[in-house]
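These notes are about the structure you will find just below.
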Amino acid sequence: NSPDQPYVQAATVQSGAGIGADRLYIGNNDLGVSGSQTATIDQSLDATVGTPVIGANVIEGRTPLNQDGPPIRVAIHSDGTIYGVYIQRTASSGTIRTANVVVVRDNNWGSGSSPYSALTDPGDSFAGRNVVTGIQFPFGPLLGQERLGDRVNIAVDPINSSNVYVVWADNNPGGGNSSNLHIRRSTDRGANWSAADLRQVTNAINPDLAINNLGELAFSYQRLVSGNWQTIVERTTNDFATTATTTLNTFPDGTPASTFLPYLGDYACLTAMPSGKGNRRSGRLICA
């Protein structure tokens, strides 16, 4: 009961124990829990059976202010490494929220007695590594016709589970009612993160990341440009030193007029299609 932003990811075990089983993970902000630790991953380790057993794992180990942010996202690697990312709210003043971006990891499909505790932060030794602390963003005010709020996403390299990327939104630089996206990378399974952003985009929301098995990172978002919303995908193989950019859609903000919020939606989804034997279109990307 009372989940916010359920976000589904799944993978089939390709070898070893549990081969053939579908692992199912649903990141969600569980507002039905007691207390403020709402960041949750519901999961089934064998979703193909007639009546799958689905358990809930609270991945928040600290005490956020009132609740965690709505988006809880999951990234799966075929070696059994599962990453999760969430926004831990720490303070509120008017419409401005202060928060930390936190990544958790499990090394065996989330199957152990203490799942999602493989990463700890050196600052407080709690499970969950702070990628960045003290970000601020407006919650509720509008960018064009769309409301602003918590935005975060994560992707893992299908070739190497040590490589993982995170994107989030805040109102820096500039402050005010803005939304600016930031991407950072870890090459050691989430233990350490790049000190500087690999990529920033201003006036943008609904970020997502995906990596295909050709080593190409794709970054999608929706951006307000000169009164028009653009849905954009950037692709890079060198951490944005160079990019190939595609605009999927452009339409005027306010046409049609907003009748409720969210106007565009609270999130979008980008996923990579893994190649199979004889699949000539390997490494395809899908945006929804």
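Under the 4.0 Å criterion applied to side-chain N and carboxylate O atoms, D239 and R185 are assigned as salt-bridge partners. Ion pairing of R62 with D124 is present here, as a side-chain N (NZ or NE/NH1/NH2) and a carboxylate O approach within less than 4.0 Å. Salt bridge absent: D46 and R23 never bring a charged side-chain N and a carboxylate O closer than 4.0 Å.
Side-chain atoms of E60 and Y116 form no donor-acceptor pair, as typed in the model, at a separation below 3.5 Å. Side-chain atoms of S111 and N108 form a donor-acceptor pair, as typed in the model, at a separation below 3.5 Å.
By the side-chain hydrogen bond (donor to acceptor under 3.5 Å, both in side chains) test, D68 is found to be paired with no residue, residues two or more places apart in sequence or in another chain being considered. For F137, there are no ring-ring contact (aromatic ring centres under 6.0 Å, His included) partners two or more places apart in sequence or in a different chain.
Between the side chain of S44 and the main chain of V53, a donor-acceptor pair closer than 3.5 Å is present. Remark: side-chain polar atoms of E146 are paired, donor with acceptor, to backbone N or O of G265 under 3.5 angstrom. Of the possible polar contacts, one joining the N238 side chain to the T242 backbone as a donor-acceptor pair under 3.5 Å is found.
Put simply, CZ on R184 and CZ on R199 are 15.0 Å apart, with the number rounded to the nearest 0.5 Å. In this structure, OG on S178 lies 8.0 Å from CG on D170, to the nearest 0.5 angstrom.
With Q222 as reference, N206 is the one residue of N203, N249, N206 to meet the side-chain hydrogen bond (donor to acceptor under 3.5 Å, both in side chains) rule.
Y165 has its side chain within reach of L209: a pair of non-hydrogen atoms, C-beta onward, lies under 4.5 Å apart.
Cation-pi contact between R151 and Y221: absent, since separation from the ring centre below 6.0 Å together with deviation from the ring axis within 45° is not met.
Within the structure, every pair that satisfies the ring pair (Phe, Tyr, Trp, His ring centres under 6.0 Å) test and touches residues 5-39, not counting sequence neighbours, is listed here: Y7-Y267.
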